[in-house]
**Student:** 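Just passing along the structure, written as C-alpha cells.
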Amino acid sequence: MFSGAEIASLFVSMGITHVVSIADSTIGQWHPAIERSPDLRLVRVCREGEAWAVAAGLYLGGATPLVLIQCTGLFESGDALRNVLHDWKLPIFSVIGYRSYLNQTTLPGDTCLVFTEPLLDAWRIDYRLIKSPAQLDEIRTHYLACRDASTPGAVVIAEGKA
Amino acid sequence: MSDQRACMSLHDALITLHRARRADDVVITSMGAAREWMVLGAGPLDLPLVPSSMGTAPSIGLGIALAQPQRRVIVVNGDGAMLMNLGALVSITAAAPPNLTLILEDNGVYEVTGAQPTPGASSGRIDGADVDFEAIARASGFRAIYHFQDAAQWARDIQRVLDTPGPTFVLLDVSPVPGAVGPRSPGPAPARARELKRVLSLKPE
C-alpha cells in the first residue's frame with residue numbers, strides 16, 4: 001500500500017527518531033528506506049514484547065520512538081505493552097500490520113482478522129484502521145493527536161498478503 | 001547455577017555496585033535486585049523496575065542507552081528474567097551501545113515465588129547441568145564478558161568492568177535469599193516515569 005520512502009518520510013515528518021521493529025513481508029519492505037534516512041534509526045529486536053520495552057527506554061531517555069510490528073507480534077507482546085502503556089502510562093505509538101486484511105484468500109480463515117481489532121480494544125489502544133493509500137496522512141494526524149494527549153495510540157495498516 | 005558452586009550474596013554483589021556506580025549512571029534493577037537496591041538507596045537516575053513485565057529490564061536499558069549515549073546504563077537482571085527474554089541479548093549486541101552493561105545475577109531459582117528452580121539451573125533440568133550463560137552471551141555477540149563467583153574479586157574488578165566499552169555482560173553467581181518476597185513499587189509508576197524522564201533530560205554533570 002505504501003512505499004518505504006513514503007513511510008520513512010512520514011515518520012520523519014512526525015518527529016520520530018527511532019523505529020523499533022520486527023519485519024513482516026510488508027513492513028520488511030520499508031526497513032531499507034528507514035535505515036537510509038539520516039533522521040531515523042531502525043532498532044531490530046527479536047520478539048515484539050521486547051519492542052515495547054526498548055521503546056519505553058528510548059522514550060524515558062528523551063527520544064521519540066515508534067513500534068512497528070505485525071498484528072501477530074501484537075498478540076505476542078501483551079504483557080510487555082500492558083506494563084509499558086498501562087502500568088507506567090508511557091504514550092508509545094505503534095504501527096501494526098494487519099495480516100491478510102486485503103487479501104483474505106492468501107490464508108483462508110486467517111484468525112488475525114478475528115482477533116486483531118478486539119485485542120486492540122481489550123488493551124485500550126486508540127487505533128485507526130488504514131485501508132487505502134489515500135489515508136497516509138491519517139497516520140500522522142492520529143499520531144499527533146495521541147502525542148498531544150500523551151496517550152498511547154496505534155494505526156493498523158491493512159496488508160495484502162500473509 | 002549449581003548448588004555446589006561458590007557464590008556471593010546478592011547483598012554483597014549489589015552493595016559493591018552501589019558503591020562503584022557514578023552519580024550520573026542509570027541503574028535499572030528487576031525483581032529481587034530491585035528489592036535489595038531500594039533498601040540500599042535508589043538515586044534519581046535509578047529505575048527499580050516495579051511493576052514490571054518480567055524479562056524486560058535489559059530491553060528498557062537498551063532503549064535508554066541508545067537515547068542517552070553520553071551516560072552509562074547498568075542493568076541488573078536475574079537469571080529467571082533473562083531466560084524469559086533471551087533474545088534481548090541478541091538485540092543488545094545488534095544495536096551495540098558501548099554505554100550498556102548487563103549484570104546477570106544467577107541464583108538458579110525464581111526467588112520471589114518460592115525458589116523454584118529455573119529451567120536453566122542444574123536442579124531444574126533432566127540432564128543436571130547448568131545452562132552456560134557466559135557461553136550464551138558470547139554466542140549472542142557480546143565481546144566484553146566477565147564472570148565472578150567471589151564477592152571480593154567482584155569488588156576488586158568492578159571499576160575496570162564498568163569502564164570497559166560495551167555492551168558488556170557480567171555474570172555474578174549469587175545465592176538465593178531465603179524467604180524473599182517480591183519488590184514493592186516505591187510510589188505510583190506513572191509519576192516515577194515522569195520524574196525519571198525529567199531527570200534524564202538534564203545534562204550529565
Side-chain angles (χ1 to χ4, degrees), chain A residues 15-23 31 34-35 40-69 73-74 76-94 123-124 147 149-152, chain B residues 26 28 30 45-47 49-71 73 75 77 81 84-97 99-100 140-141 185 187-204:
Chain A
I16 299 298
T17 58
H18 294 75
V19 179
V20 189
S21 183
I22 296 183
H31 279 190
I34 292 168
E35 283 195 292
L40 298 171
R41 176 159 181 185
L42 179 67
V43 183
R44 292 186 171 88
V45 291
C46 298
R47 57 180 274 266
E48 288 84 354
E50 271 187 79
W52 299 92
V54 173
L58 284 161
Y59 174 80
L60 290 169
T64 308
L66 176 147
V67 170
L68 175 61
I69 56 177
L74 173 75
E76 191 280 332
S77 54
D79 190 55
L81 76 84
R82 175 200 60 76
N83 181 242
V84 166
L85 303 186
H86 296 297
D87 287 344
W88 294 90
K89 299 208 181 301
L90 305 184
I92 304 299
F93 195 82
S94 52
W123 288 119
R124 299 175 187 171
R147 185 196 66 183
S150 278
T151 58
Chain B
V26 176
I28 302 169
S30 71
L45 283 169
D46 295 349
L47 178 62
L49 191 58
V50 191
S52 72
S53 170
M54 190 172 171
T56 58
S59 305
I60 292 175
L62 171 60
I64 295 179
L66 292 174
Q68 300 253 322
Q70 77 284 12
R71 287 187 199 275
V73 178
V75 178
N77 202 31
M84 202 167 275
N85 192 13
L86 273 179
L89 296 171
V90 176
S91 302
I92 287 169
T93 59
N99 55 329
L100 180 61
S140 298
S185 177
R192 292 173 53 215
R194 285 194 298 272
E195 178 59 12
L196 179 61
K197 185 172 170 62
R198 186 191 70 78
V199 177
L200 282 170
S201 73
L202 306 174
K203 281 190 175 175

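Letters A, B, ... are given to chains in the order of the sequence lines, protein chains preceding strands, and every chain is numbered from 1.
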**Student:** What option among Ser59(B), Gly87(B), Ser52(B), Ala67(B) has the most heavy-atom pairs under 4.5 Å with chain A?
**Tutor:** Ser59(B)
**Student:** Please step through salt bridge (Lys or Arg N to Asp or Glu O under 4.0 Å) for the pair Arg198(B) and Glu195(B), ending with a clear verdict.
**Tutor:** CA-CA 5 Å; Arg198(B) 186 191 70 78; Glu195(B) 178 59 12; 2.8 Å; yes
**Student:** Spell out, as yes or no, whether a donor-acceptor pair under 3.5 Å connects the side chain of Gln68(B) to the backbone of Gly61(A).
**Tutor:** yes
**Student:** State whether the side chain of Asn99(B) and the backbone N or O of Val73(B) hold a donor-acceptor pair below 3.5 Å, judged by distance alone.
**Tutor:** no
**Student:** Using non-hydrogen atoms and a 4.5 Å limit, figure out which bit of Leu81(A) sits close to chain B: side chain, backbone, both or neither.
**Tutor:** neither
**Student:** What's the shortest heavy-atom distance between Gly55(B) and Asn85(B), and which atoms?
**Tutor:** O-ND2, 2.8 Å
**Student:** Between Leu47(B), Ile64(B), Val90(B), Leu49(B), who has the most heavy-atom pairs with chain A when the cutoff is under 4.5 Å?
**Tutor:** Ile64(B)
**Student:** Let me know if Val50(B) has heavy atoms under 4.5 Å from chain A in its side chain, its backbone, both or neither.
**Tutor:** backbone
**Student:** Nearest heavy-atom pair of Pro51(B) and Trp88(A): which atoms, and what distance?
**Tutor:** O-NE1, 2.9 Å
**Student:** Any salt bridge linking Arg47(A) with Glu50(A)? Criterion: basic side-chain nitrogen under 4.0 Å from a carboxylate oxygen.
**Tutor:** no
**Student:** Where on Thr56(B) is there a heavy atom nearer than 4.5 Å to chain A: the side chain, the backbone, both, or neither?
**Tutor:** both
**Student:** Out of Pro65(A), Ala80(A), Ala63(A), return the one with the most heavy atom pairs under 4.5 angstrom to chain B.
**Tutor:** Ala80(A)
**Student:** Can you tell me which portion of Val43(A) sits under 4.5 Å from chain B's heavy atoms? Options are side chain, backbone, both or neither.
**Tutor:** side chain
